[in-house]
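Chain letters run A, B, ... following the sequence lines, proteins first and then strands; every chain starts at 1. What you see below is based on every heavy atom in this structure, not just the backbone, and it leaves out hydrogens, waters and symmetry mates. Bear in mind the structure is a predicted one, so any value in this text is a computation, not a measurement.
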Amino acid sequence: MTRRPLILRDLVAPVWKIPRGKVTTYGDVARAAGFPRHARQVAWALRNAHGSIPWHRVVGAGGEIKLRGHPGMEQRLRLESEGVTFRGRRIPMRLHAFRFPVAKRRLG
DNA sequence: ACTGTGACGGGGC
DNA sequence: CGCCCCGCCACAG
């Protein structure tokens with residue numbers, strides 16, 4: 001099985017669907033894009049994606065911000081300004097996790 | 001071709 | 001909660 005080529009735009013496309021006040025994980029974005037097990041590549045793609053993409057709405061599984069230093073602070077501020085709450089270092093995913101619609105499924 | 005490096009994820013303790 | 005370990009995968013040297 002030849003591996004489908006990884007197109008940065010496709011990989012981060014799902015990020016545009018995350019509404020204000022909600023967050024998703026790198027792994028979920030990867031799966032929603034059709035590239036399971038590519039969580040790290042999603043992070044890499046966001047890093048290399050300049051532009052107005054809402055990158056701050058993507059966090060690590062468990063609701064923890066994975067960016068270190070100032071960039072991480074900025075992400076937290078951006079999220080809080082959108083209404084996302086924190087409990088310690090983490091975001092209660094129970095409250096703010098955005099669920100991507102289930103992957104396309106061929107019906108009969 | 002090989003090695004080191006992550007904005008990752010999951011599991012074990 | 002913190003730590004460690006390991007699987008994963010594209011990229012830079």
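- Side chain of A:L67, nearest nucleotide from C:dC11, B:dA7, C:dC8: B:dA7.
- The distance between atom OH of A:Y26 and atom P of B:dG10, rounded to the nearest whole Å, is 14 Å.
- If you measure from atom CD of A:E64 to atom C1' of B:dG9, you get 12 Å, rounded to the nearest angstrom.
- Both cation-pi conditions hold for A:R4 and A:F35: the charged atom is under 6.0 angstrom from the six-membered ring centre and inside a 45 degree cone around its axis.
- Both cation-pi conditions hold for A:R76 and A:F86: the charged atom is under 6.0 angstrom from the six-membered ring centre and inside a 45 degree cone around its axis.
- Contacts of A:L6 with the nucleic acid, taken as non-hydrogen atoms under 4.0 Å apart, involve only primed sugar atoms and P, OP1 or OP2.
- The listed nucleotides are C:dC8, B:dG10, B:dC8; the one nearest the side chain of A:A43 is B:dC8.
- In this entry the distance linking CZ of A:R78 with C1' of B:dA7 reads 14 Å, nearest Å.
- Checked against C:dA10, C:dC1, B:dG10, the side chain of A:R90 finds its nearest nucleotide in C:dC1.
- Annotation for A:R89: atom CZ does not count as buried by contact number, only 12 or fewer foreign heavy atoms lying within 6.0 Å.
- Comparing atom distances between the A:W55 side chain and each of C:dA10, C:dC9, B:dA7 picks out B:dA7 as nearest.
- With A:Q75 contributing its side chain and A:V58 its backbone, the two residues share a donor-acceptor pair below 3.5 Å.
- Per the geometry, NE2 belonging to A:H38 stands 17 Å off C1' belonging to B:dG10, to the nearest Å.
- Between the CE atom of A:M93 and the C1' atom of B:dC8 there is a distance of 13 Å, rounded to whole Å.
- A:W44 places its CH2 atom 21 Å from the P atom of B:dG4, with the value rounded to the nearest Å.
- Under the 4.0 Å criterion applied to side-chain N and carboxylate O atoms, A:E82 and A:K22 are not assigned as salt-bridge partners.
- Between A:L79 atom CG and B:dA7 atom C1' there is a gap of 13 Å when expressed in whole angstrom units.
- Checking C:dC9, C:dA10, B:dA7 against every side-chain atom of A:R37, the shortest atom distance belongs to C:dC9.
- Closest-nucleotide positions on DNA chain B for A:G27 and A:Q41 were compared, and the one nearer the 5' end corresponds to A:Q41.
- At a cut-off of 3.5 angstrom, counting only N and O atoms as typed in the model, there is a donor on one side and an acceptor on the other between the side-chain of A:R40 and the base of B:dC8.
- Distance, A:L11 CG to C:dC9 P: 13 Å, rounded to whole Å.
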